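Labels below follow one simple rule: chain letters A, B, ... track the order of the sequence lines, proteins then strands, and each chain is numbered from 1. Only heavy atoms go into these numbers, but all of them, side chains included; no hydrogens, no water, no symmetry mates. In this text, all values refer to a predicted model and were calculated from it rather than measured experimentally.
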Amino acid sequence: MRIAIHHRLSITPPPGTVHALMQLLLTPQSGAGQKVESWSMDMPGLDNAARFTDAYGNIMHLVNQSRPEGELVVTVDGVVETMDNHGVLGRIGGEPVPALFKRRTQLTQGNEEIFGQFKGSSVNRLDVLHRLMAAVMEALVPEDAAAEPVPEGSEPNQSMSAAGMVQKMEGMTQSGGDVLTQVAESEGASIKSLPLASEFAHQFIGAARALNIPARYVTGYLADEGGSAALHAWAEAYDDRLGWIGFDPMLQLCPTEQHVRLAAGLDAHTTQPLRAVPLGDGVRILGISVAPAA
Amino acid sequence: MADTAPFDEMHNPDGSVREPYRVLAEWLAEQPEQALPLMQSDAEAIFRKLGITFAVYGSSEGTEKLIPFDVIPRIISAAEWRRLSKGIEQRVRALNAFLYDIYHRQEIIKAGRVPEQLILQNEAFCPEMMGLEPAQGVYAHIIGVDIVRVGPDDFYVLEDNLRTPSGVSYMLEDREAMMQLAPDLFHRSKVAPVETYPENLRRTLESVAPAGAGSSPNIVVLTPGIYNSAYFEHSFLADQMGAQLCEGPDLFVDGGKVYMRTTTGPTRVDVIYRRIDDDYLDPLTFRHDSMLGVPGLFNAYRAGNVTLVNAPGTGIADDKAVYTYVPDIIEFYLGEKSLLNNVPTYNCTDREQREWVLANIGELVVKEVHGSGGYGMLVGPTSTRAEQEEFKARILARPDNYIVQPTLALSTCPTYVNNGVAPRHVDLRPYVLVGDQVRITPGGLTRVALKEGSLVVNSSQGGGTKDTWVLED
């Protein structure tokens, strides 16, 4: 599926800022599940930016602005061709060793209620991961609110559009707003309300790591035929045979051709699409459209 | 080890003087009665003039103190030093290889030689360093290895300080003072110079400049500021090297490169000898609330446009729990047996070891895994019952937070105390520089426990320093 992405976000440094620094993780890479056909980014100061690979294998830009005035707008445009590989990404050269993604962080402590039942389980890793995905849903969404629980072993329900499901999910739980915006206060435990998709992903990752399975946090876009769209977050876990495999615990499926992968890291904190000093009032999403491309 | 008499570095067991101390012994015997007390008060005047003070954290009466200096030098023979420095070089090479591996392919974990948990879940492990290629492959450029001696050929490494070891200015000033105080003694001995340290530091820093920095890279010393306990040392070293001393706000990142604000406009910076802790280096990557660091600095480093000395994340190699694996680390990367001893260390998370520790706590040393400066430690033989009970409770509450070692009989050196010369326990911190080559300054900082019988040499706990002489052949 060819997907056209248009994404605008901004940050407003406080008045009087002498020097603003921004770090961008907004450049997708081609891989097993997607091919980036075109990608362009625009913002003040980008010509002068440093572009490099971060610790997790993502393409990062470091942009600075002297005496910024008002809002700094970042515009991203691109076309990505996606393939449905049942979430299997395999092993990618140049990435850090998978074991790195066993490191527990403040955001991925793991909930014993979720992973406890799988401790010492002799079931193969892939089955454990699929069941873990269901267990995260059970733990986060009260049973009576769950629309159609996914029976164990059956194909995930794909009849509803992905974005529609996101909206539905938001109705079922208390948190609303953007599915994924900047994690405002990045000092560990003081993170107040995390976006919903992050919550699902972190629970899955924390549980996988507690079971000694490397798992990482992924940011990306989610598209569907109806043209509704969202910034999204999901997880990837490592299997010695298949390599990295995507799991979207919020949608209860492995990433499909509606998922466009942006960046991966230890958790939402290390994977923020836009990080800035000074942060001002935080990052605002000005507009986003993720639609099938002609 | 605890029940044998400590090794006296000056005397043989029969009371005769050991060869390295022969000249000193003769000189001491020649001194008139009032010479040493006079030297001692002269020394104080010299240090006051130099302005060397250190801050004692948590002390109520004035925070600035003069570190006590002992006028009798500690002496190491050329042969002893050759052995010692070979062992130190082996250690720092292995630890740098370990850091490279841990932040790349982690072969040592895959080989099962160090436990995965110990590294990956360690607070001192810095995931942001993964895959980064530091210049010359060096992470820890400036190292202070804490060594104690328990016998003629028996040296133990207590700690490898790979973060930002301090104290090198004392080594230099102690020598300076000693040369003024006892020029005649100097004249009679062939002492290896330590004054080359600043020049060697500069060469080391130049050798790890990023590619494209040119033949004379711009080096700066980054300090947290005048309230830091080691501020004197920061300004001293910058001055000695002819480098700029700067604070976070003096630097900024533009286009992924680091610049220093000067009166004539921005100047590109290539190498930063930073005396700011990892967490505070860069609010964009590390602690968001840091006012000391430079936003974007870590990314500029990541992009290969500046070198940070030492690299962030070196703490994983001097972690007290990782310490116990250093002999394995040396064998794994160099295929050699460790030349210097590691102090046997008991692991309190192991039930059997813990029970043995609790039963024998009166003979052991207990240290906090992340402690330093002699704070939060128990020296069994000199502790009270109440202190022992308190540490037992602490170990039971958090067994993973403590390591336990036998009490080492630290060697003694003659020291001027209370109108006389008496043996006092000492340790040694040699300073090592790693860049295009390994440069070890002969000698280092000798710390001496001035209280009779005390084994705690930390300046924060009433320790002093001595000039350390390595004799040349």
Side-chain angles (χ1 to χ4, degrees), chain A residues 13 17-25 45-66 94-106 183-188 190-191 209-210 212 214 216 265-267 269-270 272 274-279, chain B residues 101-110 114-123 125-133 248-249 251-259 261 266 279 282-291 293-306 312-313 316:
Chain A
T17 297
V18 177
H19 209 68
L21 262 296
M22 285 136 293
Q23 171 185 301
L24 275 53
L25 280 177
L46 193 66
D47 300 346
N48 191 29
R51 178 191 154 112
F52 53 95
T53 306
D54 78 357
Y56 310 102
N58 307 301
I59 294 171
M60 184 177 266
H61 289 84
L62 178 68
V63 186
N64 62 283
Q65 269 295 294
S66 289
E95 285 200 335
V97 286
L100 171 68
F101 297 98
K102 289 186 193 171
R103 183 173 168 92
R104 277 186 305 278
T105 65
Q106 293 265 17
V183 181
E185 273 312 310
S186 51
E187 269 322 300
S190 70
I191 292 177
R209 289 180 189 168
N212 207 30
R216 61 191 184 188
L266 283 176
D267 56 23
H269 176 51
T270 68
Q272 295 166 67
L274 172 54
R275 214 151 130 166
V277 170
L279 187 54
Chain B
D101 185 31
I102 284 303
Y103 291 122
H104 287 83
R105 302 182 51 82
Q106 303 185 338
E107 300 292 353
I108 198 166
I109 296 177
K110 290 181 199 156
V114 299
E116 183 178 87
Q117 288 269 330
L118 178 62
I119 306 301
L120 292 179
Q121 309 301 345
N122 201 310
E123 270 177 58
F125 175 77
C126 177
E128 288 80 5
M129 284 297 293
M130 285 303 290
L132 193 142
E133 297 293 335
L251 300 180
F252 67 96
V253 171
D254 182 24
K257 301 176 179 78
V258 183
Y259 295 87
R261 298 173 215 276
D279 278 354
D282 175 359
L284 191 60
T285 299
F286 302 112
R287 278 186 68 145
H288 224 78
D289 56 349
S290 169
M291 307 295 282
V294 183
L297 179 60
F298 184 79
N299 286 333
Y301 177 50
R302 182 108 216 157
N305 293 330
V306 70
I316 188 66

A:Arg275 (side chain) donor-acceptor with A:Leu25 (main chain) under 3.5 angstrom
no
Where does B:Ile109 contact chain A at under 4.5 Å (heavy atoms): side chain, backbone, both or neither?
neither
So, does B:Tyr103 use its side chain to make a donor-acceptor pair with the main chain of B:Gly313 at under 3.5 Å?
yes
Go through the structure and list residues passing ring-ring contact (aromatic ring centres under 6.0 Å, His included) with B:Tyr259, not counting sequence neighbours.
B:Phe252
Heavy-atom pairs under 4.5 Å with chain A are the metric here; pick the option from B:Gly131, B:Ala303, B:Gly256 that has the most.
B:Ala303
Between B:Met130, B:Gln121, B:Met129, B:Glu116, the one whose heavy-atom pairs under 4.5 Å with chain A are most numerous:
B:Gln121
For chain B, which residues of residues 95-105 of chain A have heavy atoms nearer than 4.5 angstrom
A:Pro96, A:Val97, A:Ala99, A:Leu100, A:Lys102, A:Arg103, A:Arg104
Partners passing salt bridge (Lys or Arg N to Asp or Glu O under 4.0 Å) against B:Arg105 (at least two apart in sequence or in another chain):
B:Glu107
Region of B:Leu132 that comes under 4.5 Å of a non-hydrogen atom in chain A:
neither
What pairs with A:Asn64 under side chain to side chain contact (heavy atoms under 4.5 Å, CB included), at least two apart in sequence or on another chain?
A:His19, A:Leu21, A:Asn48, B:Asp254
Is there side-chain contact between B:Val253 and B:Asn299, with at least one heavy-atom pair below 4.5 Å?
no
Looking at B:Asp101 and B:Ile108, would you say the former's side chain and the latter's main chain have a donor-acceptor pair under 3.5 Å?
yes
I want to check something: taking the side chain as every heavy atom from C-beta on, are B:His288 and A:Leu279 in contact at a cut-off of under 4.5 Å?
yes
For B:Lys257, which atoms come within 4.5 Å of any heavy atom of chain A: side chain, backbone, both, or neither?
neither
Does any backbone or side-chain atom of B:Phe125 lie under 4.5 Å from a heavy atom of chain A? Answer side chain, backbone, both or neither.
both
The interface call for A:Asp47 against chain B, heavy-atom contacts under 4.5 Å, is neither
Under 3.5 Å, side chain of B:Asp282 to main-chain N/O of B:Phe298, donor-acceptor pair present?
yes
